[in-house]
Number of protein chains: 2
Amino acid sequence: MIQKLTEHDRENLQESLATSGQKVTPQREIVFAVLLAKRDHPTVEDVFQRARESMPGLSLATVYNCLETFVGCGLVRQVNHERESTRYCPNLAPHAHFRDEATGHVHDIELPPEIIQSLRSILPAGFNSETIEISFRGRSQETAPRSTSN
Amino acid sequence: MIQKLTEHDRENLQESLATSGQKVTPQREIVFAVLLAKRDHPTVEDVFQRARESMPGLSLATVYNCLETFVGCGLVRQVNHERESTRYCPNLAPHAHFRDEATGHVHDIELPPEIIQSLRSILPAGFNSETIEISFRGRSQETAPRSTSN
DNA sequence: GGAATGAGTTGGAATGATTCCAATTTGCAA
DNA sequence: TTGCAAATTGGAATCATTCCAACTCATTCC
Ligand SMILES: [Mn+2]
Ligand SMILES: [Mn+2]
Ligand SMILES: [Zn+2]
Ligand SMILES: [Zn+2]
C-alpha cells in the first residue's frame, strides 16, 4: 500500500539519521514513508496501522522508537492538542496547527516570519525561547478533500 | 495554610458557578482558593496536596471534579505542555505561556490584542477559531522569586 | 569462515495521568 | 421528617506511553 521513498526523501532520511549517528533500517524507511504519504498528522496508532500493511511484522514499540528517533534528529515534529494522543507532522516549515473540533482533523497553517518575530518580541527580557507552538481550535468548512500527496 | 477567599473572589466563584447551575461547596471554595493563592500553574496533584492542608479528607477525585467544573464555567484555564500533567491557571486575561525547560516553571506572558488579531488574520477563509493557544519553551533567568500574591 | 559486538527490533509488562463507577454524604425542598 | 438531586469519595478501569529483557542482524575482528 505504501509507495517507496523517492530518491530525494531517502537521502534526506539517510543524512538526518547519519548526523545523529544512526542508520536507515527497513522499519524506519516505512514509517517515514507513511508520514510523507498522508500528511494528516497521524497518531502513533495510525502510523502503526498504515505501516503494517507493508510490513506485517512491524511492532508498535518500533513505531514509537522510529518516531522518537525522527523527532530527535529533526525530521518530524510532534503535535499535541489538549490531552489527546500525540500526532506527527513531517512539515518542517514554520507553521501553526488548526484543530477542527467537529472532525478532529488537524490542518497546517502557514506562519509568516513577521508573525514569529512579533511573537518573540513580546517576551520580557531574560526569556529565551527556542520553540514557539501555536494552535487554533475551532470549526472549518472542511474544503477540498486534500490529496494523498507526496 | 490556605487563606479564605476574599469577599470579591467568593462572589466571583458563586456567580460563575451559578450561571451553569452549580453551587459553591466547601471543596470548591478551597480548590479555588488554592489556585488563587499561588499562581504557579499547579498540576492536579499540586492542588490536591495544597488543598489537603486545609481539608484533610478531600479526595483526589473531587479535585479533578472541581477543576473540570471551573474550566467548564470559565473560571480557570487548562495549560498543557507536551505530554506533561495538565496544569491550571486562574489568570483570565489573554496570555501565552512560557515553560522554562531548566526549572519546569510556567510563566504567564501578556498577549497584546494586536498580536491576537494578526494571528487570527493568518487563518485561511473557512477557518473559524474560538481558541488560540501559544506556548513558548526555553530558558529564563528566573528573576524575582514571584510573590505568593493575591 | 566464525565468534564477538552493538544497534535495532520485538512482545509484553509496568507506569501514571485521567476517567469511570457505585456507594455515601450533603443540602434543600416538599 | 422524608426524599431528591447534586456532590463527594475510594477504588477500579483506561489507555497512551515507557520500560525491559530477549532476540535478530549486520559489521568488525581474529
Ligand atoms: Mn481535514
Ligand atoms: Mn518561576
Ligand atoms: Zn503540521
Ligand atoms: Zn497562565
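Chain A is the first sequence line, chain B the second, and so forth, proteins listed ahead of strands; every chain is numbered from 1. Please read these numbers as outputs of a predicted model, since none were measured by experiment.
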Using nucleotides 24-26 of chain D, report all nitrogen or oxygen pairs with the protein that are shorter than 3.5 Å.
none

Task: N-O pairing of A:Arg77 and A:Asp108 below 4.0 Å - done: no
- [ ] Considering only NZ, NE, NH1 and NH2 on the basic side and carboxylate oxygens on the acidic side, decide whether A:Glu84 and A:Arg99 come within less than 4.0 Å.
- [x] yes
Open item on the list: Please tell me whether B:Leu92 and B:Ile116 are part of a single hydrophobic cluster in this structure, the criterion being side-chain heavy atoms less than 4.5 Å apart.
Closed with: no
- [ ] Would you indicate what A:Thr43 reaches in the nucleic acid, counting non-hydrogen atoms under 4.0 angstrom: base, sugar-phosphate, or nothing?
- [x] nothing
Open item on the list: Between B:Arg50 and B:Asp40, does any NZ, NE, NH1 or NH2 come within less than 4.0 Å of an OD or OE carboxylate oxygen?
Closed with: yes
Contacts table for residues 123-136 of chain A: side-chain donor-acceptor under 3.5 angstrom, sequence neighbours left out:
{"unit_1": "A:Ser129", "atom_1": "OG", "unit_2": "A:Thr131", "atom_2": "O", "d": "3.3"}

Task: Separation of D:dT18 P from A:Tyr64 OH (nearest whole Å) - done: 7 Å
TODO: Using whole Å, report how far CD of A:Glu45 lies from P of D:dT14.
DONE: 17 Å
Open item on the list: Any donor-acceptor pair under 3.5 Å linking the side-chain atoms of B:Asn65 with those of B:Thr62?
Closed with: no
Task: Minimum heavy-atom distance A:Leu111-A:His95, with the two atoms named - done: CB-CA, 3.8 Å
TODO: List the atom of A:Gln22, the atom of A:Thr69, and the distance in Å for their closest heavy-atom pair.
DONE: OE1-CG2, 3.5 Å
Open item on the list: Does anything in residues 66-83 of chain A come within less than 4.0 Å of DNA chain D? Heavy atoms only, and list the residues if so.
Closed with: none
Task: Side-chain H-bond candidate by donor/acceptor type, A:His107 with A:Arg39, under 3.5 Å - done: no
Open item on the list: I'd like the 5' and 3' limits of the part of DNA chain C contacted by chain A, with heavy-atom contacts below 4.0 Å.
Closed with: C:dG8 to C:dT18
- [ ] Could you say whether B:Asn65 or A:Leu60 is positioned toward the 5' end of DNA chain D, judged by the nucleotide with the nearest heavy atom to each?
- [x] B:Asn65
- [ ] Look at the side-chain N and O atoms of A:Thr86 and state whether any lies under 4.0 Å from the OP1 or OP2 oxygen of D:dT17.
- [x] yes
Open item on the list: Ring-plane angle category for A:His97 and A:His81, please: parallel below 30°, perpendicular beyond 60°, tilted otherwise.
Closed with: perpendicular
TODO: Report yes if at least one side-chain N or O of B:Thr62 is closer than 4.0 Å to OP1 or OP2 of D:dT8; otherwise report no.
DONE: no
Task: Nucleic acid contacts of residues 11-35 of chain A, taken as heavy-atom distances under 4.0 Å to DNA chain D - done: none
Open item on the list: Between A:Arg137 and A:Glu82, does any side-chain N to carboxylate O distance fall below 4.0 Å?
Closed with: yes
Open item on the list: Under a 3.5 Å cut-off for both contacts, is C:dG1 paired Watson-Crick or G-U wobble with anything, and if yes, with which nucleotide?
Closed with: D:dC30
TODO: Apply side-chain hydrogen bond (donor to acceptor under 3.5 Å, both in side chains) to A:Glu45 and list each qualifying residue two or more places apart in sequence or on a separate chain.
DONE: A:Gln49
Task: pair A:Val47-A:Val44: side-chain heavy atoms closer than 4.5 Å - done: no
